Enquirer: 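What follows is a single structure, and I will ask about it in a moment.
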Amino acid sequence: MHQADYDIIVIGGGHAGAEAAWAAANLLRDASDDSGGRHGRVAMITLDADKIAQMSCNPAIGGLAKGQMVREIDALGGLMGLAIDATGIQFRMLNASKGPAVRGPRAQADKYRYAREVQRLLGTRVNLTILEGSVDEILIEDDRAAGVVFVPRAGADQPREQPTALRASSVVLTTGTFMRGLMHTGTSRTPGGRFGEAAAVGISANLRQLGFELGRLKTGTPPRLDADSIDFEGLMIQPGDDQPQPFSDMTLSRRRLTSSAMIDETPAAYERVWDQFPVIDQRCCWITHTNAAIHDHIRANLDRAPLYNGQIEADCGPRYCPSIEDKVMRFADKTSHHVFLEPESLDTNEIYCNGISTSLPADVQALMVRGLPGCERAEILRHGYAVEYDMVWPHQIDATCMTNRAAGLFLAGQINGTSGYEEAAGQGLLAGLNAVRHLRGEELIRLARDEAYIGVMMDDLVTKTPREPYRMFTSRAEHRLLLRADNAAPRLTPRAHAWGLIDAARWTLHEQTQRDRAALVTYLTDHATDGLRLIDWIKRPEVDEHAVRSRLDRDTLPAGAFDPRVIAGVLSDAKYAGFIERHQKQWQRVGKLESRRMPIDMDFAAVAGLRNEARQTLDRFRPATLGQASRLAGITPADLTVLAMSLKGDGHTGAALSAAST
């Protein structure tokens, strides 16, 4: 086999793969070949380069908890926020009437432009090579990742190409729904990870040979309709916000990366302007609904539904984004479910039917769709389908995304049992960061549950094996008062700067924003209204961002002196200050437990007094800290006491704990 060398290899071109390749390429920019040559130190392997970052399901980014995660990705130098800001066609703040901790920014995307924008951004990295083809084998030597066996994509009239050994010190595997992917519409079964694309077959067998425990999950997608065949006249309109809010701080600065732009652009390459956010074309969505007749029609055809007739072998589907047939059966008392009609692109007539994901036969789907108000004459452009796929149970990775079986092998995205573009992107960024740190021999990064939603997700995955596709919610985060969309940059950008993830322009913008926040706090502290300091006045429930801006205007401050995000962040900090102080006191004791490290090679069988069930559970999940161990199902307070005493009495462990606490 021909042999080529890279530092990092990323397998898969979905949202996890894109973020992993972007992060790795940015971190390795100083080691790149600046001559613009084709070969660099990072390789992304994908079946079809034109499908990188394709939105195979819902054409949207963000939402409740997911929006906070996109803001975190942006604060860490990721590309998702940049891409959706450039290609979004409707921006809405969900839960706008509630507190900032549970608000979720969301945007409808032009799904074709979004994919092209991600591809364009990746193309600005001269040290990133995109290879079309598949991977049949991951090379493992001495329990460490050593590269992959790559099979180049064959041309239309060419036979299968010869395998190539690609060597690398770190490999990131992001297979999405493609590992032995099988699509279902009624009795029709088609191998593939999504519509029109083949499945990846060999990698599943290879992972089993390497000793990984695989599972099988299911997800699905709804039919797409022709907009010209829908009567929107009587439907409820769902418009975007009058003042759209972008995801990326760099969008507000009007900085645009071009094909010649490098990561180390000077701060002068942007201007701080925040009075307008140029959405390309704000479009409406519409709301329709199912009815009793549709539900009866679905029940009458359940014997033809792959999810119910045994045709689908997957362990479970997504509980929080169920198929319409699942909704009808699980919520039998409901006679109606909302269906959101969402445009997929400015350049096509495709309408996404959010709420009726299905694998029912085509004829059943047609009658179901035409029973929806406004869709009596609707034409289906593409029928819905379910897809089942292989994944790796995530107790076999740790919170860095690295596998326990092979050092330097990282897993990210749906292969870990998650669902959603945002969850995949967050894992991809973390995997790309840690792949480079592994290459350099540096300590791998773990984000704590009180640091980021990404940290909550990773901790959940490695301590609670998902039996259904994992989706992020604000309710999963016990520290959600700290993990708001408006403070993502203050939380994470300094860390991203220390790790080398962000460029000079973003860091300069961040520093200026922090100076602005400090200046605003000082002003509010030094000025009063009716004998009350403004910093205390803004804590009142009736005081909102508009009231603060009006007060600043009355005080004759220069127009636009403060970025609206600065005002929003300071306002949230003030309103939550008392709650956060109480929250932090409650968690101080828990934090001591959380930070106590456990040796990666700890022999649980040798821990006297530990129950057999606890030994088996701990040996399976290999928690990195006592905090993680405490969240494992079947671990009791008594087990934790035994573990803590064992760690205290182990000189080796004591040294490790001392290092971890510094």
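Since this is a predicted model, take the numbers as computed values, not measurements.
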Enquirer: Is it true that E388 and K218 make a salt bridge, defined as a side-chain N closer than 4.0 Å to a carboxylate O?
Expert: no

Enquirer: Quick check on the 6.0 Å ring-centre criterion: do Y385 and H184 meet it?
Expert: no

Enquirer: When you measure from the side chain of E72 to the backbone of M69, do you find a donor-acceptor pair of N or O atoms at a distance under 3.5 Å?
Expert: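 No, E72 side chain to M69 backbone: no donor-acceptor pair under 3.5 Å.
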
Enquirer: Would you say the side chains of N291 and S336 form a donor-acceptor pair under 3.5 Å?
Expert: no

Enquirer: Considering non-hydrogen atoms only, spot the tightest contact between A412 and A431 and give its length.
Expert: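 What the structure gives for the nearest pair is CB-CB, 4.0 Å.
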
Enquirer: Can you confirm whether the side chains of D110 and S345 place a donor and an acceptor under 3.5 Å from each other?
Expert: yes

Enquirer: Do R330 side-chain atoms and K327 backbone N/O form a donor-acceptor pair below 3.5 Å?
Expert: no

Enquirer: For the residue pair N354 / E342, report whether a side-chain donor-acceptor contact shorter than 3.5 Å exists.
Expert: yes

Enquirer: Which pair of heavy atoms, one from F247 and one from G81, lies closest together, and at what distance?
Expert: CB-CA, 4.0 Å

Enquirer: With rounding to the nearest 0.5 Å, note down the distance linking OH in Y114 to CD in Q108.
Expert: 13.0 Å

Enquirer: With a 3.5 Å cut-off and no angle check, do the side chains of E350 and T348 form a donor-acceptor pair?
Expert: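 The answer is yes; a qualifying pair exists.
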
Enquirer: Hydrogens and angles aside, do Q427 and T418 bring a side-chain donor and acceptor to less than 3.5 Å of each other?
Expert: yes

Enquirer: With the threshold set at 4.0 Å, does a side-chain nitrogen-carboxylate oxygen contact exist between D241 and R92?
Expert: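 No.
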
Enquirer: What closest approach, in Å, do T221 and C57 show between heavy atoms, and which atom pair accounts for it?
Expert: OG1-SG, 3.8 Å

Enquirer: Pairing donors with acceptors under 3.5 angstrom, does anything connect the side chains of N58 and Y352?
Expert: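 Not at all, the side chains of N58 and Y352 share no donor-acceptor pair under 3.5 Å.
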
Enquirer: Checking R476 against Y470: charged group under 6.0 Å from the ring centre and within 45 degrees of the axis?
Expert: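 Relative to the ring axis of Y470, which defines the angle, R476 lies inside both limits.
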
Enquirer: Can you tell me how far CG of L372 sits from CZ of R370, rounded to the nearest 0.5 angstrom?
Expert: 11.5 Å

Enquirer: Compute whether any side-chain donor of one residue and acceptor of the other, for Q365 and T358, lie under 3.5 angstrom apart.
Expert: no

Enquirer: May I ask you to say whether D398 pairs ionically with R446, meaning some side-chain N is under 4.0 Å from a carboxylate O?
Expert: yes

Enquirer: If the threshold is 4.0 Å, N to carboxylate O, is there a salt bridge linking R449 and E478?
Expert: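 The answer is yes: the pair qualifies as a salt bridge.
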
Enquirer: Side-chain donor-acceptor pair under 3.5 Å between S572 and D486, yes or no?
Expert: yes

Enquirer: Please name the pair of heavy atoms, one in G355 and one in I324, separated by the smallest distance, quoted to 0.1 Å.
Expert: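 Between these two residues, the closest heavy atoms are O-CD1, 4.1 Å.
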
Enquirer: Can you confirm whether more than 12 heavy atoms, excluding those of D242, are under 6.0 Å from its CG atom?
Expert: no

Enquirer: Give, for atom CG of L481 and atom CD1 of I580, the distance between the pair rounded to the nearest 0.5 Å.
Expert: 6.0 Å

Enquirer: Any salt bridge linking R106 with E422? Criterion: basic side-chain nitrogen under 4.0 Å from a carboxylate oxygen.
Expert: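 So R106 does not pair with E422 through a salt bridge.
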
Enquirer: Any ion pair linking E213 and R208 (charged N to carboxylate O, less than 4.0 Å)?
Expert: no

Enquirer: By the definition side-chain contact (heavy atoms from CB on, under 4.5 Å), identify the one residue from Q282, Q243, Q245 that meets it with F91.
Expert: Q282

Enquirer: How close do N301 and L360 get, counting heavy atoms only, and between which atoms?
Expert: O-CD2, 3.9 Å

Enquirer: Charged N to carboxylate O below 4.0 Å: is that the case for R304 and D363?
Expert: yes

Enquirer: State whether the number of non-hydrogen atoms from other residues, nucleotides or ligands found under 6.0 Å of R377 atom CZ is greater than 12.
Expert: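 For R377, atom CZ is not crowded (no more than 12 foreign heavy atoms under 6.0 Å).
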
Enquirer: Could you tell me whether R224 and E344 make a salt bridge, using a distance below 4.0 angstrom between a side-chain N and a carboxylate O?
Expert: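 Looking at E344 together with R224, the answer is yes, because their closest N to O distance falls below 4.0 Å.
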
Enquirer: Would you please say whether a donor-acceptor pair under 3.5 Å links the side chains of H295 and T335?
Expert: no

